[in-house]
Amino acid sequence: MAPTVDLPPKRALGRYSYPTSHRVIELVAMAVYVGAASVLARRVGVELWARAGLGTALAVAVAAFAGFVAADLASGLVHALCDNLGSVDTPVVGQKFIRSFREHHVDPMDMTRGDFVRVNADNFLACLPVVVPTVLWLDVARHPYVATFVLALSLVVIMTNQIHKWAHMPEVPGAVRALQRRGLILSPEHHQVHHTAPFDTHYCITSGITNEPLARIGFWPVLLRGCRWVGRALPGSPAVVGDPADLGVEAGSERS
Ligand SMILES: [Zn+2]
Ligand SMILES: [Zn+2]
């Protein structure tokens, strides 16, 4: 009798073994981020302590809020591009980044079953090209509020997938629900707009604070037109194909 072969679980867009190499990359990225962000936070803390006062507190609040808004905007841009450009077969980013967005189109609850590393590590990795150069080259003594902005931005970015996951969970801790109700993090009700046909708006998934302004100025239709143009050079781009069925999504079903 032929020996049985353990196949990885069947996933929405074909088999994906979640190779050990991806897990190692994720753990290394998380460790490097924690180290770099800790160094940056310590430098910022020392500098702000030396400048303690009302003006400093106000400037820190403005810089932190700017980071909070910028993280929401960045989440929307990445989400929109991964939803509409390329495919799981796109080199470099296809398996590691695009796949998770596309599979979420097919099974929105899948991300609620992943552990913390699997759900969140990609965002730690995405922060490294910003946080590491900041630690290496930014003079925090001269630009403490720029460093505060970078720190706030990255702290919200690394929480983005966790916040998105909470927005899909039927039960969340009371403190999380309170933050959702106050609009400080993405609420299920707000995110549902993106899940509703024609699935082409409200891509921002940290707080969602930028979704309404972007929708009002007609930002997403312009971006999607750009995706259609660029997508002609990227095989399998949904923005070009223009048919939800090509994402493996039944017409009328939920998307991420
Ligand atoms: Zn989506
Ligand atoms: Zn979603």
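Just follow the structure's listing: the first ligand is 1, and inside any ligand the first atom is 1. In this chain, numbering begins with 1 at the start of the sequence shown. Since we're looking at a predicted model, the values are computed, not measured.
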**OP:** Please confirm if an N, O or S atom belonging to H194, backbone or side chain, lies less than 2.8 Å from the Zn ion (ligand 1).
**Re:** yes
Original post:
Mind checking whether the Zn ion (ligand 1) has an N, O or S of H79 under 2.8 Å?
Top reply: yes
Original post:
Does a side-chain heavy-atom distance below 4.5 Å link T160 with I205?
Top reply: yes
**OP:** May I ask you to test the Y33-N123 pair for a side-chain heavy-atom distance under 4.5 Å?
**Re:** no
**OP:** For R177, check salt bridge (charged side-chain N to carboxylate O under 4.0 Å, His left out) against everything at least two apart and list the hits.
**Re:** E189
Subject >> Angle subtended at the Zn ion (ligand 2) by H104 NE2 and H168 NE2, rounded to 10 degrees >> reply: 80°
Subject >> N, O or S atom within D83 nearest to the Zn ion (ligand 1), by name >> reply: OD2
Original post:
Heavy-atom distance under 4.5 Å between the side chains of Y203 and V78, does that happen here?
Top reply: no
Original post:
Taking the Zn ion (ligand 2) as the vertex, how big is the angle to NE2 in H164 and NE2 in H191, rounded to 10°?
Top reply: 80°
Subject >> Partners passing side-chain hydrogen bond (donor to acceptor under 3.5 Å, both in side chains) against T206 (at least two apart in sequence or in another chain) >> reply: D72
